Amino acid sequence: MKNASWHVRIDCGGEVGAGFLVSERSVLTCAHVVRDSEGHPVTVTFPHHRGLAPVPAAVTGHGGWQGRHDDPGDLAVLELDRPVPVAPAEFAAPEDAYGDPRPRLIAYGFPQGYDEGTIVEYRATAAQLIADEWIQLEAWSAHGQRLAPGFSGAAVALADTGQVVGMLAAADGSPDVLSGRMLPTSVMSRYWPGLAELVRTPSHPAATAERLRELVGKATDTEFARNPERLYLDAAGPFGPPVPEGGFESLWAAAWYLLWEVAEPDAATRFADRLAALLDAPPRPADAPRSASGPDWVPILIEIEHSGGDADQVLVAVSAHRGGRRHPVDSRTLHRSELRAHVQEHIDKAFCHVPPGSDELIAFALPREWLNWPVANWQRSATDPTPLGCHYPLVVTERSRRTGGLRHQLARKWERLGGRASATLHRVECGTSEKPGRLRFLLRRDEADLAGFAAPPTAPRVRPHFEASLNAPAPILVWPRTGCECGDHDPAEACAGTEFLDELAGYLDGLPPAELPRHVLALRESAEASDAPDRHWARDVQLLWDDPRCLPDAAAAPQLSPVTR
């Protein structure tokens with residue numbers, strides 16, 4: 001084998017395996033080879049350098065392997081106790097392992113009876129990954145050494161050049177067989193970012209991969225590392241490969257996926273540029289306003305409407321709005337039973353238009369009679385039970401107010417309201433004797449900015465006041481989606497609705513109106529995390545928040561359906 005000096009034998013407790021040197025102090029092997037490293041020393045021996053004494057090593061990286069032979073992430077990174085005067089392995093392009101004809105691949109391991117090591121010859125069965133993790137190997141011939149314990153962690157290299165294309169991942173205790181599995185370098189790169197500068201990616205230069213690796217290292221403990229899907233979608237764009245099911249386990253996993261799965265060369269550059277800009281931005285306290293006019297919201301709008309005469313059919317359109325432009329994501333007619341799953345899927349797709357670090361806002365534009373829908377309680381995704389309203393700032397808006405005179409009046413109100421440090425709350429008790437006309441008068445005269453209701457709009461006593469508030473138009477309405485509907489009781493009597501308004505008044509005091517979606521998100525999270533969520537006063541808070549400065553005009557919406565209503 002050419003350039004064989006970088007092959008190593010690894011001893012850890014009772015386990016013997018192989019590995020390979022990739023820098024003057026870094027060695028790669030299988031995680032199961034060093035599974036007992038916490039209780040036993042790890043020793044690395046270079047069989048082609050008899051004068052080089054065994055070197056102690058420590059496990060400094062781990063792919064997340066859990067202990068079974070078919071668990072993913074069977075990779076460990078070892079750091080040698082001292083640098084060694086040995087040239088490290090060189091890497092081929094991953095696709096070089098699958099040529100036509102398929103090249104001969106060799107690996108150097110240490111099965112029982114071969115303390116000095118021995119060689120096996122294999123070839124890749126196909127380029128197809130098994131379980132998105134391994135490449136199937138088959139014996140080069142029916143004769144010669146077979147895979148056995150002691151080969152785990154050995155580099156798989158091209159026989160004619162000695163360049164590495166993967167690592168054997170044979171599990172301990174495996175019988176001698178004519179086939180085996182290897183972790184290709186493209187998969188190994190998921191688990192150890194250090195390979196980014198050593199392995200050539202399909203469409204992106206090595207310098208781009210190295211820049212990404214450095215930026216990801218700087219961002220590891222930042223808020224940006226906690227939502228890698230946002231950065232990926234922003235870089236890959238609407239036509240790039242979707243986020244894998246289950247999302248990304250880390251920021252590097254998202255960067256790796258971009259490097260290997262997105263053919264557009266500029267995608268990795270966009271990812272790196274955006275991450276660099278976020279890292280360079282000065283930190284901002286979580287409770288500090290973005291500007292005098294509030295956050296620069298980037299809304300994802302879910303527009304839902306009746307469809308013709310069928311009560312079980314709805315028109316739904318999902319779009320993102322960035323820089324004054326609408327980016328349609330999907331528009332179709334659905335049965336109401338399909339609505340939640342459709343919304344979950346397409347909100348995630350819309351995030352490719354939401355720049356990382358920006359203020360995302362989920363807005364449901366609903367007909368008036370559906371404004372009390374529990375959209376904030378809808379599950380975030382098929383695999384994440386977190387309520388949507390506890391994951392994103394979420395508001396509802398009323399469809400008929402998004403065009404014409406009412407929209408013009410709302411825009412004028414927000415010009416005055418947007419920069420205020422706090423909003424004036426007008427309370428509508430569940431047993432109110434106030435005439436709806438007086439509430440409309442106060443709202444139109446700007447003597448009240450926000451109407452708070454003690455009962456949901458389905459309660460007969462407050463429904464006229466709710467309608468008056470929508471028509472005034474009130475820029476902000478808040479109410480409990482469920483709860484007190486006690487009707488004709490004395491307004492002086494305490495009830496669940498009174499408690500809601502008392503708590504709401506205290507919570508809203510001093511909060512800028514333009515930032516309420518973010519604060520209501522925090523309120524919903526607090527209620528969800530409380531010891532008794534079902535008894536928390538804000539368990540079903542609903543926020544109608546209608547700012548034309550960021551929510552688009554309905555007239556700009558695409559035609560949803562040819563159905564005539």
Side-chain angles (χ1 to χ4, degrees), residues 1-12 15-34 42-59 61 74-92 94 96-97 103-124 135 137 139-140 144-170 172 174 180-185 188 192 194-195 198-199:
M1 179 187 296
K2 295 183 180 180
N3 306 320
S5 62
W6 39 261
H7 291 285
V8 303
R9 171 190 169 115
I10 297 171
D11 292 87
C12 179
E15 190 77 37
V16 175
F20 51 106
L21 187 73
V22 295
S23 74
E24 65 177 8
R25 293 187 63 179
S26 297
V27 168
L28 298 184
T29 187
C30 284
H32 75 260
V33 171
V34 291
V42 178
T43 303
V44 175
T45 305
F46 290 81
H48 297 284
H49 293 267
R50 294 182 180 274
L52 188 61
V55 183
V59 178
D74 193 5
L75 172 78
V77 183
L78 310 183
E79 183 176 348
L80 301 178
D81 187 53
R82 60 181 183 275
V84 291
V86 177
E90 296 180 357
F91 289 83
D96 290 350
R104 184 164 58 104
L105 306 175
I106 54 180
Y108 194 100
F110 304 89
Q112 188 173 6
Y114 293 89
D115 290 348
E116 74 284 5
T118 189
I119 294 173
V120 291
E121 297 179 311
Y122 277 74
R123 62 186 169 190
I135 289 291
L137 298 178
W140 182 259
Q145 176 68 47
R146 298 289 174 257
L147 289 179
F151 278 100
S152 296
V156 180
L158 299 170
D160 59 347
T161 67
Q163 293 178 312
V164 176
V165 294
M167 180 180 73
L168 282 176
D172 57 328
S174 299
R181 291 181 177 182
M182 88 169 173
L183 278 175
T185 51
M188 294 167 68
W192 189 49
L195 277 181
L198 303 174
V199 180

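Given the structure is predicted, the values throughout are model-derived calculations rather than measurements. The residues of the chain are indexed from 1 along the displayed sequence.
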(request) Please examine the side chains of Leu105 and Trp140, heavy atoms only from C-beta on, and report whether any two atoms are closer than 4.5 Å. (result) no
(request) Check Ala92 against Val165 and note the closest heavy-atom contact, atom names and distance. (result) CB-CG1, 3.9 Å
(request) Heavy atoms only: give me the nearest Leu158-Pro103 pair and the separation to one decimal. (result) CD2-CG, 4.0 Å
(request) Compare all side-chain heavy atoms of Trp6 with those of Val164 and state whether any distance is below 4.5 angstrom. (result) yes
(request) Look up atom CD in Glu79 and atom CZ in Arg25, then write down how far apart they are to the nearest 0.5 Å. (result) 4.5 Å
(message) Please enumerate all residues that pass salt bridge (charged side-chain N to carboxylate O under 4.0 Å, His left out) together with Glu24, with sequence neighbours excluded.
(response) none
(message) Within this structure, what is the CG-SG distance for the pair Leu168 and Cys30, rounded to the nearest 0.5 Å?
(response) 7.5 Å
(message) Using a 6.0 Å cut-off, check whether atom CZ of Arg82 has over 12 heavy atoms from anything other than its own residue.
(response) yes
(request) Kindly check if the number of other-residue, nucleotide or ligand heavy atoms within 6.0 Å of CD (Glu116) is above 12? (result) yes
(request) Identify the two heavy atoms, one from Leu52 and one from Phe46, that lie closest to each other, and give their separation to 0.1 Å. (result) CD2-CD1, 3.6 Å
(message) For a quick test of reading the model, state the closest non-hydrogen atom pair linking Ala148 to Pro111 and the distance between them.
(response) CB-CB, 4.3 Å
(request) Could you tell me whether the side chain of Pro149 reaches within less than 4.5 Å of the side chain of Gln112, counting heavy atoms only? (result) no
(message) Please report the interatomic distance NE2(His7) to CD1(Ile119), rounded to the nearest 0.5 Å.
(response) 7.5 Å
(request) Report the residues that fulfil salt bridge (charged side-chain N to carboxylate O under 4.0 Å, His left out) with Asp115, sequence neighbours left out, ordered by chain and then residue number. (result) Arg9
(request) Return the set of residues passing ring-ring contact (aromatic ring centres under 6.0 Å, His included) with His48 (not counting sequence neighbours), or none when no residue passes. (result) Tyr108
(message) Once side-chain contact (heavy atoms from CB on, under 4.5 Å) is applied, do any residues pair with Ala57, and if so which ones, sequence neighbours excluded?
(response) Val42, Val44, Leu78, Leu80
(request) Go through the structure and list residues passing side-chain contact (heavy atoms from CB on, under 4.5 Å) with Leu195, not counting sequence neighbours. (result) Leu28, Phe91, Met188, Ser189, Trp192, Leu198, Val199
(request) Could you list the residues that satisfy side chain to side chain donor-acceptor pair (under 3.5 Å) with Ser26, not counting sequence neighbours? (result) Ser23
(message) Restricting to non-hydrogen atoms, name the atom on Ala18 and the atom on Ile10 that form the minimum distance, rounded to 0.1 Å.
(response) O-CD1, 3.5 Å
(message) Quick check: closest heavy atoms across Cys12 and Val33, and the distance to 0.1 Å?
(response) CB-O, 3.8 Å
